[in-house]
Amino acid sequence: MKLSEYIHYDGLGLAQLIKKKEIQPIELLELALQRSDQVNSKLNAIVIPMQEYAKNRAKQQLTGAFAGVPFLVKDLFQEYAGIPTSYGCNALKSRQYTPDTNAEIVNRWEKAGIITFGRTNTPEFGIKGITEPDAWGSCLNPWHLKHNSGGSSGGSASAVAAGIVPIAGAGDGGGSIRIPASYCGLFGLKPSRGRTPWGPQISEAMHGAAIQHVLSKSVRDSAAMLDATHGFEHSSLFKIEKPEHSFLDNVHRPPQQLKIAFNTRSPIGTKVSPDAIAAVEHTAKLLESLGHIVVEDAPKIDGMALAKDFITTWFSQFSYMLNEIKLMSGAKDSEFELDSLAIAAFGAQTTANEYIHNLNNWGIYVTQMNHFFDHYDLYLTPATASVAPRNGEVHTPAWQKPFLRSLLKIGKAHYLTKGKLVEQIIRENLKWVPFTQLANITGLPAMSVPLYWNKDNLPLGSQFIAPFAREDLLLQLAGQLEQAQPWSKKYQSIVV
């Protein structure tokens with residue numbers, strides 16, 4: 001196989017070639033490494049190589065839906081025993097932090113037959129919608145190298161879009177699968193709360209708001225991998241049932257006529273770009289051409305209140321996490337990014353009453369979405385408020401940095417969250433990505449589908465949110481959309 005052929009296959013397509021003995025896993029791995037050598041120095045997508053591990057695994061008799069397919073994992077919560085991991089952080093990178101157990105999601109990917117040869121770039125602790133960690137540097141967007149790949153699964157998205165691998169590990173706690181999917185023109189599904197495992201380290205992350213899955217070029221790869229990873233394990237808090245048909249089967253089962261609500265207004269009142277509006281309008285017309293009913297409407301949820309509740313819980317959880325990292329590693333504040341320290345300082349000031357109040361509000365949003373889905377099958381919005389930002393465009397305002405350092409030095413950084421300034425911070429943090437947190441807080445499945453590219457050939461995804469545990473419905477529609485407007489040929493115009 002030529003490299004020019006390899007980069008256009010999806011994972012199941014490559015697995016089928018191996019099954020037919022038309023190519024060997026080691027040959028596919030060499031092609032993936034060749035593509036990595038060709039483009040990774042430009043993209044900075046893979047930051048921790050696992051080539052020796054991969055070459056040894058390629059010699060084994062592998063089974064599963066993706067037997068022999070090259071794969072990458074995100075350098076965050078997707079641990080391999082004995083392989084260094086950094087979480088995008090200098091403190092762990094410099095100490096060569098090495099886990100002693102595999103993450104359960106990794107075990108399930110391995111049972112599906114993948115061959116992992118590297119860990120991908122991510123922002124420090126995955127806390128941003130862009131990938132520009134001090135530890136590794138910016139991860140560039142293969143559609144246009146002056147733009148970022150998004151976050152926090154930015155390295156995985158960049159690698160898949162550029163054809164290094166057809167599918168890669170990702171995670172989503174506030175949009176971190178759907179945001180880079182939107183920016184890099186990929187299919188990105190965030191499963192329902194509890195659909196995929198978090199063990200053995202924890203039972204679930206951020207009360208189920210964060211979930212692990214993959215980024216892929218094709219819908220069927222995502223569905224097949226969900227079949228391979230779905231379900232309860234010993235650390236799980238509850239069991240979530242599979243649909244009647246496999247997730248992969250659902251891709252090939254067109255949905256009945258759906259009633260879909262759509263909205264292009266930012267829930268926090270920030271600007272939405274003409275591209276984002278055009279992407280949804282294009283998708284709405286495509287849906288109507290397929291026989292679906294499309295209505296402009298939105299759930300009756302206070303978007304700013306939801307954003308505050310998300311930020312409060314997220315900052316509080318991160319404060320605890322950073323403290324645990326410090327205890328484990330002995331790292332000092334100087335070894336962490338300023339934004340991480342500020343977020344932790346904000347979160348540390350949350351009282352127990354405030355925290356419980358926020359969690360109770362999460363339940364209210366679930367109720368409101370359930371009422372909304374009494375009238376609609378799905379909810380459509382832009383996945384992001386614009387195409388991918390330029391590298392360095394998303395940053396802490398210059399005026400805040402010296403102010404933050406001074407307040408951190410005297411232990412008063414949390415003062416920035418007082419009064420009206422908290423709304424300004426929320427808008428500044430989420431204005432690029434105001435649409436994704438709703439699905440995380442409510443635990444609902446959501447996907448970004450690549451159906452729009454602007455005049456500069458930059459993609460922007462359409463987000464669909466479904467009722468709880470209805471990934472089958474999302475995948476049915478995604479399969480129909482992919483067939484109606486195939487996006488696979490778009491990757492031929494990648495600039496690297």
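Here the structure is a predicted model, which means the values were calculated and not measured. When a residue number appears, it is its place in the shown sequence, counting from 1.
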Over all heavy atoms of both residues, which pair between [X] and [Y] is shortest? Give the atoms and the distance, please.
X	Y	value
E233	P197	CG-CB, 3.5 Å
I494	A162	CG2-CA, 4.5 Å
P200	N102	CD-O, 3.4 Å
R427	I268	NE-O, 3.1 Å

Report task. Indicate yes or no: at least one non-hydrogen side-chain atom of F247 is less than 4.5 angstrom from one of P243. Result -> yes
Query raised in the report: Does anything in residues 368-378 pair up under side-chain hydrogen bond (donor to acceptor under 3.5 Å, both in side chains), and if so which pairs, sequence neighbours excluded?
Result: D297-Y376
Report task. Apply salt bridge (Lys or Arg N to Asp or Glu O under 4.0 Å) to R95 and E335, showing your working. Result -> CA-CA 11 Å; R95 286 166 172 75; E335 297 178 80; 2.5 Å; yes
Looking only at side chains, do [X] and [Y] share a donor and an acceptor under 3.5 Å apart?
X	Y	result
Y452	E281	no
N391	N148	yes
N250	D472	no
S152	K74	yes
D75	T120	no
N141	R390	no
S273	S386	no

Main-chain N/O of [Y] paired to [X] side chain as donor or acceptor, under 3.5 Å:
X	Y	result
S182	G461	yes
T312	K308	yes
S236	F238	no
S158	G154	no
S153	G171	yes
T98	Q96	yes
R193	G443	no
Q463	T384	no

Please set out all donor-acceptor pairs under 3.5 angstrom arising from side-chain atoms of residues 321-329, sequence neighbours excluded.
residue, atom, partner, partner atom, Å
K326, NZ, D333, OD1, 2.5
S329, OG, I325, O, 2.7
S329, OG, A331, N, 3.2

Going by an N to O cut-off under 4.0 Å, is there a salt bridge joining [X] and [Y]?
X	Y	answer
K128	E132	no
E471	K190	no
E79	R119	no

**Report entry** Neighbour count >12 (heavy atoms, 6.0 Å) for atom CZ, F232
**Finding:** yes
**Report entry** Test ring pair (Phe, Tyr, Trp, His ring centres under 6.0 Å) applied to Y355 and H207, step by step
**Finding:** CA-CA 12 Å; Y355 192 81; H207 307 291; 5.7 Å; yes
Query raised in the report: Should R265 and E296 be marked as a salt bridge (Lys or Arg N to Asp or Glu O under 4.0 Å) after you check the CA-CA gap, both sets of side-chain angles, and the distance that decides it?
Result: CA-CA 11 Å; R265 297 183 302 278; E296 187 168 7; 3.6 Å; yes
Report summary line: ring pair (Phe, Tyr, Trp, His ring centres under 6.0 Å) test vs W453 passes for just one of Y183, W487, W143, namely W143
Query raised in the report: So how far is it from D339 CG to F318 CZ, rounded to the nearest 0.5 Å?
Result: 9.5 Å
Report task. Given side chain to side chain donor-acceptor pair (under 3.5 Å), test S86 with W136 step by step and report yes or no. Result -> CA-CA 10 Å; S86 76; W136 300 106; 2.9 Å; yes
Query raised in the report: Is the gap between the ring centers of Y379 and F372 under 6.0 Å?
Result: yes
Query - Test side chain to side chain donor-acceptor pair (under 3.5 Å) applied to Q212 and T196, step by step - result: CA-CA 6 Å; Q212 306 208 66; T196 58; over 6 Å; no
